Amino acid sequence: MDLPKHAYFQGKIVPYADAKVGVATHALNYGTAVFAGMRGYWNKEQERLFVFRPGDHFRRFLNSARLLCMDFDHTPESLTQVLLGLLQADGYRQDIYIRPLAYKADEVVGVRLHDLRDEITMFAMPFGQYVKNATNAHVTVSSWRRIDDNVIPARGKISGAYANSALIKTDASRSGFDEALVLNQDGHISEGSAMNIFMVRDGVLITPPITENILEGITRRTVMELASNELSLVVVERPIDRTEVYVCDELFMTGTAAEVTVVTKVDHRPVGEGRMGPVGEKLRKLFDDVVRNRVPKYAHWNTAV
Ligand code: PMP
């Protein structure tokens with residue numbers, strides 16, 4: 001993977017090699033950081049880079065920071081300006097991934113959230129497809145459970161909580177699967193290691209509600225809106241039982257990295273007819289057109305660099 005060119009670090013844009021923290025940094029020792037992940041898409045025809053829904057990503061980022069008692073003067077708008085400055089310095093002419101990170105920066109020992117200095121950093125790097133088999137993924141039901149709201153809130157993108165995602169992803173990958181479905185403490189399907197889940201049953205698009213220990217995904221929200229407006233599908237938020245994915249018609253996962261990844265097998269059982277279905281196929285195409293700024297109706301979701 002290519003390294004970032006620059007970073008926003010301690011209030012300035014600096015060469016990436018100069019953005020360094022000490023090994024005693026609180027966030028590195030205790031996972032006391034929160035992050036965001038967004039994508040920039042290169043539009044060949046317009047020769048421009050577009051960032052997808054930065055305001056929404058920064059709003060969730062600042063909410064995640066609140067969960068860890070971080071207090072910043074920034075707004076989603078001011079963070080978007082910082083990002084645009086960074087991307088202008090970088091000058092990428094390709095698809096990229098953007099990582100804002102807010103972290104407990106003091107170099108001290110002691111587990112807590114209060115009385116610590118908070119810092120924000122940001123960097124971007126070239127990025128392509130995240131899940132290899134994006135039109136025919138084979139997933140497993142993980143033996144790990146999703147973190148609970150009263151353990152570490154899943155609605156925040158909290159760095160320490162991603163040890164849960166990493167356990168899930170590594171065991172799935174080492175067993176030969178592309179991804180995993182993760183059950184919450186109630187035994188319902190919450191989401192994937194770093195993506196939300198949707199199933200189609202009898203023509204209805206179903207996804208777990210935000211109270212099922214999921215991240216409140218921005219791609220999830222996007223897909224719900226596109227499915228309702230453009231595919232005239234009824235979209236329902238309700239808990240999903242484990243065995244429903246064995247009998248549903250279509251299954252797919254959504255996320256900034258995963259985009260719309262179609263799942264065609266769960267633990268060796270075919271989903272529907274065992275190949276990409278019509279809803280997944282249409283949403284994949286529509287999503288790609290929207291994020292590359294080819295659909296004027298949704299151009300307000302894209303910020304040009
Ligand atoms: N769930 C988890 C645990 C994630 O890390 C992500 C990726 N940010 C998602 C879902 C998808 O969220 P989004 O569409 O906002 O990227």
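Just so it is clear, the structure is predicted and the values come from calculations on it, not from any experiment. Side chains are part of it too, since the values below use all heavy atoms of this structure and drop only hydrogens, waters and symmetry mates. Every number for a ligand or one of its atoms is a count from 1 in the order of the listing.
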Would you please determine whether Arg60 falls within less than 4.0 Å of ligand 1 on a heavy-atom basis? yes
For [atom], the protein heavy atom that lies nearest, with its residue and separation:
atom                    : result
atom 14 (O) of ligand 1 : Thr219 OG1, 2.5 Å
atom 12 (O) of ligand 1 : Gly217 CA, 3.5 Å
atom 5 (O) of ligand 1  : Tyr162 OH, 2.5 Å
atom 16 (O) of ligand 1 : Thr256 OG1, 2.6 Å
atom 9 (C) of ligand 1  : Ala194 O, 3.5 Å

[X]/[Y] aromatic ring centres below 6.0 Å:
X      : Y      : result
His268 : Phe177 : yes
Phe252 : Phe198 : yes
Phe35  : Tyr162 : yes

Distance (rounded to the nearest 0.5 Å) between Glu45 CD and Asn293 CG: 10.5 Å
Within-4.5 Å side-chain heavy-atom neighbours: Val291 and Arg39: no
If you measure from each non-hydrogen atom of [X] to ligand 1, which part falls under 4.0 Å: side chain, backbone, both or neither?
X      : answer
Arg146 : side chain
Ser193 : backbone
Lys157 : side chain

Examine Gly192 against ligand 1 and note whether any of their N/O atoms are separated by less than 3.5 Å. no
Within ligand 1, which atoms have a heavy atom of [X] less than 4.0 Å away?
X      : result
Glu191 : 1 (N), 2 (C), 3 (C), 10 (C)
Ile218 : 13 (P), 14 (O), 15 (O)
Gly255 : 11 (C), 14 (O), 16 (O)

Over 12 non-hydrogen atoms of neighbours within 6.0 angstrom of NZ in Lys297: yes
Arg155: which of Asn213, Ile214, Asn63, Asp149 passes side-chain contact (heavy atoms from CB on, under 4.5 Å): Asp149
Pick from Lys285, Arg284, Met253: which one makes a side-chain contact (heavy atoms from CB on, under 4.5 Å) with Val260? Arg284
For the pair Tyr298 and His300, name the ring-plane relationship: parallel under 30°, tilted 30 to 60°, perpendicular over 60°. tilted
